[in-house]
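What follows is one structure encoded as structure tokens, with my remarks underneath.
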Amino acid sequence: MCTTITADQEVFGQNVGNFGKLTPKMHNYRESILDAKPYVDPERAILTTEAYKKYQDQQVDIIRARVLEHVLENMTIYIEKDTLLAGNQASHNRWAPVFPEYSMNWVIDELDTFEKRSGDVFYITEEAKKELREIAPFWKHNTLEDRGYASFPPQSRLFYDLGLIGADGNITSGDGHIAVDYEHVINNGLVSYEKRIKELMKQLDLTDIKQQKKLYFYQAGLIVINAVRGFAERYADLAEEQAAQTIEKKRKNELREIARILRKVPYQASSTYQEAVQAIWLTHLVLQIESNGHSVSYGRLDQYLDPFYERDIVSGRITAEKATELLTNLCIKTLTINKVRSWAHTEFSAGSPLYQNITIGGQTKDGRDAVNPMSYLILNAIVQAHLPQPNLTVRYHHGLSDHFMRQCVEVIKKGLGMPAFNNDEIIIPSFIKRGIKKEDAYNYSAIGCVETAVPGKWGYRCTGMSFVNFPRTLLIVMNGGKDPESGKQLLPNYGHFTRMKSYAELIASWNKSLREITRQSVIIENSCDLALEQNYPDILCSVLTEDCIGRGKTIKEGGAIYDFISGLQVGIANLADSLAAIKKLVFEEHRITAKQLWQALQDNYQGEGQESIRQMLINEAPKYGNDIDEVDQLIVDAYQPYIDEIAKYKNTRYGRGPIGGFRYAGTSSISANVGQGHSTLATPDGRFARTPLAEGCSPEHALDVDGPTAVFKSVSKLNTKAITGGVLLNQKMSPQILRSAENCEKLVMLLRTFFNRLHGYHVQYNVVARETLVDAQNNPDKHRDLIVRVAGYSAFFVGLSKETQDDIIERTEQTV
């Protein structure tokens, strides 16, 4: 226990650290999902191909609506014996559908290697391989990937092909990175959207081509709403059939209740808590069937679900235990959603994450503390389910109670890598400054990892655009603009490092080169967005996002109220440490010559005497993450040209309706630090070639030696108010540290200091012993549900590649 009983417990019925246990039903259900092997499922691909062939003469919005309709009408459905919620993504739980409209080339190329992967292994039957190969010819030159590649200008394509700018997920998948208006869905039903569409259709003047185009979107919207209603009816029919065949009375009644609810929601408004949870789940599920864009998130679940819970509690319709059981059911259902990625994309998203985020806490629209009974029940459910999905984020503000903070620390102690914390004190003012209305800024939620947006009003990819490799960019700058490995001239030649006379000369070259890299990333991002807009609109997602219906536009055409995006910058700490080493050891103290350092980099520190150079770089130059103003300022200054340059460029929706249309920075690099490390030669911080880069804005492993406060101070010096795409900080702590009440209190105080005084943006904790991780590597069967925080998300440790596992094991273990 971390504390004594407080008045809050009388209100919420919560003892700190007491989360309850899974009901037997949910325990059995969880075990069945954990036992399920992930297979590649061809069913959606087959149905999608059928629909595209049948409707290929239709307008693109109609085609996309008919595809979803055809899938929902014909896909395999089932209701598991222990679930209270109905709805499945694939023909079996944890199977991953194939989305052929986005990409088929890599699917066919990797059919025989899915089971041979070093991590994120998928299985596939020979029959599934045969079925996928049979439909592949239809998709030749007919996918998002094909059209995306074709739209890249030749020079920009070179940056992509060489891996300096990564965007594999943008042209092999849908968009995602969004939270729709679940609150409106449960309070008003899909029928409210249907009614508004029909009213607006009557007002169209079809002699105006712009209004005629709206007609196609409206027709498509009605198709998908009806398709979702029919999908729910299919489950209602199935539930009734199972009830008729069930002898056990309790289960018979449960199935009848499932059937009753699905005759109603999500088409009609929800009246009860269970109806609301079912409506949320089915809506969320269909969004995942419509498109395989990940980071589709639940938004502020505690805020829009709590009124249903409190009404049902008062009326006696439900108990806290039953409400929690339904939440754990939702968590387990969320884990059933799966996604198979190309191996190139998998390296950026290790652990098969879907980044489905739930946000709790924070403030109400008028600035009051928003923690409510549902906030606590969600914490209970996350602990009981003990799964890597859904993600959980707590919105921190200075008025968050000590009791709630201590309960969050108790969750952290469970080793889930959750909750992560985002700071209202930074994010809300940043949003308002960018033009977001105050009441909307106060209603933001986490999307995917650490990125943030306003649920139901924000377009795709508030972060998640292209990845820019900062350390590799530095090597190209040092090599006169030429990629050292390929020999390709990518950037202007501002002089070779070995002929530079000062650090100022190097940083001047960096600043100009980084701006060009930034410009190329914009071109690549726009090419991806153009291909998506023209060919693969998500109709249901657009219907559920304001104000697509009012404007008669899909999200990609400018239908959202707000539309800001960000790419991801990788290797922040490596860049900082490299610049610090060069400045001190080469240009100030002259202990290493520029030629010696450059040759050591080319030799990967394997030449004669070069290990001593590497040790000097590691041990005798200041390091980011230790509150050393000089080195921290180096990265602040080196990052600023990107922040300034990216702000110049509009996205493809600018001027077409949304507020914004601009870009900003973001450090939520997920596991791209491993993938982009593979393409990066040795760097001046002493890092060997092909090894992982530092993740997020976290310091390099074992080099942050002055404790967590020093890390917080270094990170807080970044221009967090401008890095609106997220400032991701991972911290690692031994479970033994948090066994004492005193240390729990210290962690609460440390978090408050980071957010209140240092204006930190985000932090999350891995609380797992090193020996546990090492044992899990050697004995994976004993640790099948061991969870670790990889980046802005959690994953099962044993499902990761050994390289990613090693990266996590080697992270610095902090104290408090």
Side-chain angles (χ1 to χ4, degrees), residues 469-484 490-517 569 571-644 680-689 693-694 699-700 703-705 714 717-719:
N469 186 327
F470 274 8
R472 189 169 175 193
T473 299
L474 177 64
L475 294 177
I476 293 171
V477 172
M478 294 171 72
N479 197 37
K482 185 181 293 185
D483 179 41
L490 294 175
L491 298 169
N493 184 355
Y494 296 115
H496 198 278
F497 174 65
T498 56
R499 293 186 291 274
M500 291 180 180
K501 303 302 182 184
S502 67
Y503 178 80
E505 189 177 348
L506 172 64
I507 206 66
S509 300
W510 163 266
N511 291 348
K512 289 181 285 188
S513 299
L514 183 59
R515 290 178 184 274
E516 174 59 18
I517 291 280
Q569 298 80 62
I572 306 298
N574 303 101
L575 178 62
D577 294 348
S578 293
L579 293 176
I582 291 171
K583 185 173 186 292
K584 179 180 180 181
L585 300 175
V586 176
F587 291 117
E588 292 180 351
E589 299 183 357
H590 306 290
R591 297 174 63 188
I592 307 172
T593 69
K595 288 183 179 179
Q596 285 176 323
L597 177 56
W598 184 252
Q599 190 59 52
L601 297 179
Q602 302 314 294
D603 296 341
N604 195 25
Y605 299 109
Q606 301 300 307
E608 183 177 353
Q610 291 178 354
E611 178 59 22
S612 63
I613 291 176
R614 194 176 82 88
Q615 291 301 321
M616 192 184 304
L617 295 169
I618 293 172
N619 298 312
E620 299 185 40
K623 297 292 181 287
Y624 167 76
N626 295 289
D627 189 27
I628 302 170
D629 287 339
E630 180 185 8
V631 65
D632 296 340
Q633 192 60 46
L634 291 180
I635 188 59
V636 170
D637 293 342
Y639 203 158
Q640 196 61 42
Y642 179 89
I643 293 172
D644 292 340
T680 306
L681 299 180
T683 45
D685 56 346
R687 173 192 151 274
F688 284 120
L693 303 172
E700 185 55 276
L703 298 183
D704 46 340
V705 296
S714 286
K717 295 170 194 174
L718 295 171
N719 191 357

Minimum heavy-atom distance [X]-[Y], with the two atoms named:
X	Y	value
Gly625	Asp632	N-OD1, 4.0 Å
Phe470	Gly571	CB-O, 4.4 Å
Ala581	Ala621	CA-CB, 3.7 Å
Leu506	Met500	CA-SD, 3.5 Å
Asp577	Leu703	OD2-CD1, 3.8 Å
Asn574	Pro471	CB-CG, 3.7 Å

| Tyr503 and Trp510 aromatic centres sub-6.0 Å | no
Do [X] side-chain atoms and [Y] backbone N/O form a donor-acceptor pair below 3.5 Å?
X	Y	value
Asn619	Gln615	yes
Asn493	Gly495	yes
Asn604	Ala689	yes

| Do Asp685 and Tyr624 come within less than 4.5 Å of each other through their side chains, counting heavy atoms only? | no
| said: Using side-chain heavy atoms (C-beta onward) and a distance below 4.5 Å, is Ile628 in contact with Ser714? | reply: no
| request: Report the distance from atom CD1 of Ile592 to atom NZ of Lys584, rounding to the nearest 0.5 Å. | output: 10.5 Å
| What pairs with Thr498 under side chain to side chain donor-acceptor pair (under 3.5 Å), at least two apart in sequence or on another chain? | His496
| request: If a pair satisfies salt bridge (charged side-chain N to carboxylate O under 4.0 Å, His left out) and one of its residues is in residues 499-508, list it, with sequence neighbours excluded. | output: none
